[in-house]
Every structure is written in C-alpha cells, then in structure tokens.
Amino acid sequence: MSDKTLIDWQALAEKELKRSPDALTWQTPEGIAVKPLYTEADLETVDHLGSMPGLAPFTRGPRATMYAGRPWTIRQYAGFSTAEASNAFYRKALASGQQGVSVAFDLATHRGYDSDHPRVEGDVGKAGVAIDSVEDMKILFDGIPLEKISVSMTMNGAVIPILASFIVAGEEQGVSRAELSGTIQNDILKEFMVRNTYIYPPEPSMRIVADIIDYTAREMPKFNSISISGYHMQEAGATLVQELAFTLADGREYVRAAIAKGLSVDEFAGRLSFFFAIGMNFFMEAAKLRAARLLWTRIMEGFAPKKQSSLMLRTHCQTSGVSLQEQDPYNNIVRTAFEAMSAVLGGTQSLHTNSFDEAIALPTEFSARIARNTQLILQHETGVTKVVDPLAGSYYVESLTSELAEKAWALMEEVEALGGMTKAVAEGLPKRLIEEAATRRQAAVDKGEEVIVGVNRYRLETEDDLDILDIDNAAVRSAQIRRIEETRRRRDSAEVARALDALQAVARTGEGNILGAAVEAARARATVGEISDALRKVFGDHTAVPDVVSNIYGDAYRDEPELATLAARLADVSRSIGCKPKIMVAKLGQDGHDRGAKIIASAFGDIGFEVLAGPLFQTPEEAADMVLAAEAHVIGVSSLAAGHKTLLPQLVDSLKAKGGGDVIVVCGGVVPRQDYQYLMDRGVAAVFGPGTNVMEAGRAVLDLLEGRLRNT
C-alpha cells in the first residue's frame, strides 16, 4: 500500500466519521493501542513471519497439520457432590462426544481436609466432587477405561494425596501407572498469586512440584506432570500481558526446579503443559496463544534442549468464567461460543467451554449439553478444522502477536531482575499488579466505559429465574463421613501409621520422593486429610497477609458527582456515629477466590469507609470474633463457592450469640436469586449478586447504616 493510498483512506475515514481516525484508536487494558486499520507496513518489524506449523518457534501451532490432522480434544471440566454422581456425569458426557475427563474437586479436598473436618462443613461437595481416599477415587472412575481415557485433574494444594490416590485407583482397575495419561495441574506459584488453594509455604510447595515432575518423568511417561496455569490469573483480573508473562515466568521457574532435582531438560520438558483463559477480546486472545508459543520457545532455548519437542508449548484453554453474567444469562451462550472460536483460531490442544448458568450455580445437565455441543458444532459445522492456521498473515493478528510478546517479555525481565518468580511472588509483585488491573476494570464497567450487554446496557426490566443445580451439602457430607468411617474400620491401622511415618521421614530429610511415599500411604488407605496432615507436621501451613490496593477505583471516579454525593453522605454518617463507618470484608470456608472481596475492599476504602480485610478460610465463628473485636458496623461476606446457605446463617447466629446482633450482615458474589429470600429470612440484610455496580452497593450499605441509626 502506498503512502498516498493510506492518506486517501484517512481523509475518507475522517469525512465519514466527522473526526480524526486517531480518535478511533482503542487503548486496551494491556496498554496496546489498537488502530482502526492495519496494513502490510505494520508487519515490517514483525520477526516471526515465515514460520511453519509444527516447527520452532511454533507460532502457527505445535503440530504440522493441527486440526486438519486431528481436532482439539473436547475436555469439559466437571465435578460435584459425590464420586457416584460425578462418575455418572462423566460417563454420560463421554457417550455424548466428550473426549477426556477433567475433574473439579471440592474446596475441602483442594485444601487437604477430609469431609469430616469441622472447618469444611459448608464446602463438602459444593464446588466440585468430594474425594477423601482411594475408595472415592475408584468410584469416580468406575467403568471409565483409564488406559484409553486421559484424565485432567485441577489440583494444587493437596496434589500429593490426590495424585497418589489416582495412581492406586488405576492400579486396582488393572491399569499400570505407566499407562495412565492425562495432566495434574500442580501449579502452586499461581495459587500464591491468585487462587489461594495452597496448603504449605512456598519453599516446600516448590519441592513437591519438583518431586512430582521427577516421579512422573520416571514412572508415568504418558502423564503431564504440570499444567502451568494463566487461567486463574485472568479470572482474578490480570490483563492478557500479565497472564502471558506471569504464566511463562512460572513455567521457567518450574523448569529450573526440575533441573535442580537432577533431571535433564529433555527428560521432562515434553510433558509440561499450559492452561490459559480465553476472554472476550477475540483477536487478542488468539494472538496471545501464538505469542505464548513464541516466547516459550525462546525461554526453553536458554536451557539448551536436544529435542525440538522440548521447545514446544502445548495448552489447554477454558472460556472465561468472569465474562459470564447473571443478568440475561442466555447471552452467556453467545459469549462462550465466541471465546471458544478464539481459542481454536489461536491453536489450543484441548478446550473446555463454560455453561451459561455458571455465573449463578454449578451447571445443570441441560446447560452442560449446550456447552459441549458448542465445541462439536465448531468441529463439525464451521470448517475451522480444514485449514491449519486460518489467521496466519493477518496484519492485525500478526501485529498483536508481536506486541503482546514484546510487552510480556519486558514484564518477564522485570520478574527475572527480582530473582525469578518465586521471589517475585514472595514480594507480592504479581498479586499487586493483578489486583490493580481487576479494580481498574471494575471501575470501567461500573462507569459504563466497558459495555457488558444485559449488565450495564440493554438490561432486561425483569429477570426470569433459572432452574439451577442445588447440592444438598449436608447429605453429601454425611455420606462422605460414613465412607471415611468404613474405610478406617476396614484398613490395617498399623500399616497406615508406618506409611505416614515413612512419608514424614521423606519430607523431613529430603531423601526419597514425596509422591512415591504418598502412593504407599494411599495404598494402605490413608485419607487425603491424613496424608496432607503428615506433610503439614513437617512443612507447616502457609498463611497469607491480607493486603488491599488503594486509589484505583477512586481515581477512576475522581471527577464524578456520584462519588462526591456518596462521600458527603458517608461524612454525615461518620459525624452521627463519631467515626468512619467500618466494614469488614470476609471470606468464609475454604473458598480462596478473592477477586470480588479485594475489589470491594479497595473500592469501599476509596469511597471513604474504614475497611478491614479479613483473612482467607475463616469459620463463621472466627469471622464473628474478628468483626466484634474490631467494632465494625458491617460485615460483607464474599461467596463464590456455593457455601452461602450454610455459612451465612451460621455467621448471623454466631454474632447474635456473642452480643453482636446489631452488626449488619451483607453478602455478595455468586448467589442465585432464588436464595436471596432464604438468606434474608435468616438475618442477612442485603444480597449483591454478580454484576452489581460497586457504587450502588456502597449506596445500599449506607442506606442500611442510616436505617440502623434512625432505629436506635
């Protein structure tokens, strides 16, 4: 294209739009200026052009023929209630076209607690399947041929007892560990950054990661020892540059840990895998996967592997959960379809598509079928599998790929300057940057600068209730406790004790492999909690210190009269009570997803409240003690894991029993509309569902405080 042609286009665009084309430039959250027009001139500095699929740097895909040779694997992530219920779901899904099993565990299991532990009363079976021992694992995979079906398990904190139980369950099904295929997530650095389902401190946690890589490299040649996850970073609010940079930096840290264990890079690199979120920025998400492969090749070249496969990034993707909305939820079907197409055009190796009702509750069989069929339609009806890399050569996509890679590499170099990802995590850099990005985006949504159809524009006047999947938590827990008791009754207690002592010795001395010792403990029928506790005695528990970013949300509203009005009302209330209104933001149970809690704490602090950020994993009684000791006026509970119907009434009752019946209790998060009245009948003053505008929530809390003042 000649310079004259470009000038002619600019003049035409300015005439049509009555403004300069420069005004159309879109500044993305990643700091990338997306122009309204891309031409061949934008590719002059792009150095990855000319690469071929299946060859380094793999920008165009890790396999030469990609989907033209074999489509991506349809791997739907699911798990709920009991092992029996999840097993029935998996078998039906496999019969309907799903090609692999991806297991979601409940939060009690993630945190290494057996179902009979008093801290997990509200968590058992709610956000995944409850697994307490090999006996549960055998039921989970009953009738599923593990020598043929690959299994992905999202597990990090209790990764040792879960993987050990899986290995033993396979053996007792007649499948040797060498025949087992699949992936264990085993990505603990990401947990310390965003997801928070950790158990042990960072240093021993990294040792566990290395031992699993070592064990699987020697014993399980078909099994991926780690799935390095950016998914939860984006879900926590990370920009795509942050997701890309921190995920790959985590990967580099794990490679170093495995090499320090004595492995050569080619022994394990081919079994590393990645896991990315796919959100609504369609072309940039596709470019992100291309940039990830490019950068991973660059990273791995630094370790001088002899095999080209050691340079290759392979990834699973999942459509975004954060993009799903409670309001007008059938829109989520469309969102998921677009995100799935983006992942496919980016070259994912396997894919999970979210169900439209997951902003509200666990998916029903009806919604799960739509999600699965979305992928089947993509594979069989759209033609996207006929061409190896349909986006190759796109001026826009190739330019985005290059710019994402450049910005992510710069952030990775910042991490390297701190001494690597473990040190960066310890210093809190990734967590702080992600929380700032999340708060900044929430402000943009609340102000309407970022449009979400059905939420801040084109809203329905009334919303119909949906049929949702409601798990009877008490019944599931009772069934699990009965099975634990039966397992303990039938096992050889002396053998269990010997196996757990041996596991502790390996953990304490560093001699031997932790996973290998745990396999023997699981075979003796030690439970998930007992194996986790044996390691706790050596390694201790990790406790995070709550930290809240400030001056992000408030800066976005600095010149808005809405904030000034709210601040004036807050000042009036402050004068009436003699101090700033104090709100405690709490997380109850084992739910570590704290994006919403951190945003509320940050925004309410900017509005003018005094904010107390409670620690993760509190019981209702502990939260009640803390709010009363702090003399807080309001406690806001963030609930994302379906424990609200158990935990909120317990909190209200505990406050009343301790003389704190005047504390206002509110709740926000993933709470179905059908449950609002249930909670309010039990003393919750207000419920703020998904998509609530933070300024509106602030006004509502002030209304409650003013109402309390009038009545006293």
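Everything numeric here is computed off the predicted structure, so don't read it as measured data. Values below: every heavy atom of this structure, side chains too, minus hydrogens, waters and symmetry copies.
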Atom CD of residue position Q674 - does it have more than 12 heavy atoms of other residues, nucleotides or ligands inside 6.0 Å?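 Counting neighbours around CD of Q674, more than 12 heavy atoms of other residues, nucleotides or ligands fall under 6.0 Å, so yes.
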
**Whether over 12 other heavy atoms sit under 6.0 Å from K447 NZ** =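 Count over threshold, so yes.
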
Notebook entry, point to check: If you draw the axis of the six-membered ring of Y113, does the NZ or CZ of R477 fall within 45° of it and under 6.0 Å from the ring centre?
Noted result: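 No - R477 does not lie over the ring of Y113 by the 6.0 Å and 45° rule.
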
Side chains of [Y] and [X]: any donor to acceptor distance under 3.5 Å?
X: D446; Y: Y553; value: yes
X: T197; Y: N156; value: no
X: D106; Y: T109; value: yes

Non-neighbouring partners of E610 that pass side chain to side chain contact (heavy atoms under 4.5 Å, CB included), sequence neighbours left out: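 Testing E610 for side chain to side chain contact (heavy atoms under 4.5 Å, CB included), a comparison that skips the adjacent residues, returns K580, K582.
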
> About how many Å separate CD1 of I607 and CD1 of I583, when rounded to the nearest 0.5 Å?
Replying inline: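 With rounding to 0.5 Å, CD1 (I583) is 9.5 Å from CD1 (I607).
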
### Message
Tell me which pairs pass salt bridge (Lys or Arg N to Asp or Glu O under 4.0 Å) where either residue lies in residues 185-199, with sequence neighbours left out.
### Response
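As it turns out, the salt bridge (Lys or Arg N to Asp or Glu O under 4.0 Å) pairs with a partner in residues 185-199, which skip direct neighbours, are E191-R195.
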
Quick test of your reading of the model: are [X] and [Y] salt-bridged, counting only N-O distances below 4.0 Å?
X: R440; Y: E449; result: no
X: R432; Y: E436; result: yes
X: D572; Y: R569; result: no

task = Can you label the angle between the H593 ring and the H232 ring as parallel, tilted or perpendicular, going by 30° and 60°?
result =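 It falls in the tilted class, 30° to 60°.
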
Test side-chain hydrogen bond (donor to acceptor under 3.5 Å, both in side chains) on Q480 and D136; report intermediate values, then the result. CA-CA 9 Å; Q480 289 299 121; D136 289 324; 3.2 Å; yes

